[in-house]
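Note that the structure is predicted; figures quoted are calculated from it, not measured. Numbered from 1 within each chain, the chains take letters A, B, ... in sequence-line order.
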Amino acid sequence: AQKITQTQPGMFVQEKEAVTLDCTYDTSDQSYGLFWYKQPSSGEMIFLIYQGSYDEQNATEGRYSLNFQKARKSANLVISASQLGDSAMYFCAMREGLSGDKIIFGKGTRLHILP
Amino acid sequence: NAGVMQNPRHLVRRRGQEARLRCSPMKGHSHVYWYRQLPEEGLKFMVYLQKENIIDESGMPKERFSAEFPKEGPSILRIQQVVRGDSAAYFCASSPQRQGAYNEQFFGPGTRLTVL
């Protein structure tokens with residue numbers, strides 16, 4: 001069963017608009033962590049934001065926020081005031097359990113910001 | 001404080017040759033993870049190592065692939081007798097100690113392996 005589902009293979013957004021990238025996950029663990037990574041065309045993996053399953057508030061990091069809806073098992077990434085440099089692949093990922101070592105990645109969403 | 005270092009950044013091999021990918025974790029990190037990314041895919045976990053120990057190799061192909069993290073020096077991912085299907089980006093990540101769900105892994109820039 002797929003653990004991380006990103007249903008948007010690609011998105012086009014006008015510069016300066018806000019954008020929401022969808023992510024749903026599947027786990028039976030009570031303790032887990034959710035991550036978003038950005039992968040620009042240069043290929044490196046850039047950590048953006050983290051949400052713990054017990055965190056009561058949604059995580060925020062600058063223009064990035066994570067809309068965490070635990071009951072729905074969704075962890076959407078919101079980018080406010082998008083910029084041309086935000087064009088990249090975005091991966092949602094999860095780490096399971098208190099002793100979880102591996103991170104499980106979704107297939108990604110390719111975001112294109114239009115000038 | 002240098003991040004995770006991987007070399008080479010690009011590696012070209014012919015079918016049947018060996019590929020050696022190196023990863024130096026961040027200073028103070030004793031745990032290393034290897035992931036593989038096929039084109040247009042997310043990263044897939046391969047192996048998790050501590051110094052001189054393989055902790056979890058559930059994602060490693062059964063043949064031709066091996067990994068080590070010696071007491072001194074970088075972690076090595078070794079692929080013997082490479083085939084075209086091994087062409088991918090290989091990422092290394094490190095963390096300071098065995099941690100639960102609440103800590104991130106720091107990723108290196110990746111090694112892009114091309115098998116001709």
Side-chain angles (χ1 to χ4, degrees), chain A residues 2-10 21 23 25 27-55 59 61 66 68 70 75 88-110, chain B residues 3-11 23 26 29-50 53-60 67 69 88-114:
Chain A
Q2 197 166 357
K3 296 276 191 175
I4 298 284
T5 302
Q6 294 182 255
T7 56
Q8 306 150 311
L21 304 180
C23 173
Y25 59 92
T27 182
S28 55
D29 284 339
Q30 296 300 310
S31 298
Y32 50 90
L34 296 157
F35 305 79
W36 277 92
Y37 286 87
K38 174 184 178 181
Q39 188 176 43
S41 56
S42 51
E44 71 269 32
M45 294 292 288
I46 301 169
F47 166 75
L48 294 179
I49 197 166
Y50 168 82
Q51 179 87 39
S53 57
Y54 290 119
D55 294 340
E61 289 285 349
L66 199 152
F68 181 45
K70 196 170 182 177
M89 277 289 279
Y90 289 81
F91 292 100
C92 180
M94 177 175 66
R95 192 174 187 177
E96 289 180 299
L98 287 176
S99 61
D101 298 311
K102 67 187 79 168
I103 294 180
I104 302 163
F105 286 81
K107 289 187 181 290
T109 295
R110 187 171 294 282
Chain B
V4 178
M5 315 248 319
Q6 288 187 250
N7 67 81
R9 294 292 305 276
H10 299 274
L11 182 62
C23 169
M26 286 180 70
H29 288 194
S30 57
H31 295 247
V32 164
Y33 313 79
W34 285 94
Y35 293 82
R36 176 164 66 174
Q37 184 182 30
L38 295 171
E40 301 301 315
E41 295 279 331
L43 279 67
K44 295 271 179 8
F45 170 81
M46 297 180 75
V47 63
Y48 160 47
L49 309 106
Q50 265 182 284
N53 280 310
I54 296 174
I55 307 301
D56 180 352
E57 57 182 345
S58 58
M60 285 280 269
F69 188 17
Y90 292 83
F91 287 90
C92 169
S94 72
S95 67
Q97 60 189 50
R98 186 165 196 174
Q99 308 232 356
Y102 303 106
N103 293 278
E104 64 171 293
Q105 295 173 1
F106 296 83
F107 281 83
T111 293
R112 272 136 194 91
L113 172 66
T114 302

Exercise. Quick one: what part of B:Gln37 sits under 4.5 Å from any heavy atom of chain A, side chain, backbone, both or neither?
Worked result: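 The answer is the side chain of B:Gln37.
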Problem set entry | chain A contact via B:Tyr35 - side chain, backbone, both or neither, heavy atoms under 4.5 Å | side chain
Exercise. In terms of heavy-atom pairs under 4.5 Å with chain A, which of B:Gln6, B:Lys44, B:Arg112, B:Arg9 leads?
Worked result: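 The candidate making the most pairs under 4.5 Å is B:Arg112.
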For this session: Please determine, among A:Arg110, A:Gln51, A:Met94, the option with the most heavy-atom pairs under 4.5 Å with chain B.
Result: A:Arg110
Exercise. Is atom CE of B:Met5 surrounded by more than 12 heavy atoms (other residues, nucleotides or ligands) closer than 6.0 Å?
Worked result: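 Atom CE in B:Met5 is not packed in, count stays at 12 or less.
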Exercise. Do the ring planes of B:Phe106 and B:His29 sit parallel (below 30°), tilted (30 to 60°) or perpendicular (above 60°)?
Worked result: tilted
Exercise. Chain B heavy atoms under 4.5 Å from A:Gln39: which part of the residue, side chain, backbone, both or neither?
Worked result: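 Interface part for A:Gln39: side chain.
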Exercise. Looking at side-chain heavy atoms only, is the closest gap between A:Tyr90 and A:Leu48 below 4.5 Å?
Worked result: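 They are in contact (side-chain heavy atoms under 4.5 Å apart), so the answer is yes.
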For this session: Kindly indicate whether the side chain of B:His31, heavy atoms from C-beta on, has any atom under 4.5 Å from the side chain of B:Tyr48.
Result: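 Yes, their side chains come closer than 4.5 Å.
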For this session: Go through the structure and list residues passing salt bridge (Lys or Arg N to Asp or Glu O under 4.0 Å) with A:Lys70, not counting sequence neighbours.
Result: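 Testing A:Lys70 for salt bridge (Lys or Arg N to Asp or Glu O under 4.0 Å), a comparison that skips the adjacent residues, returns none.
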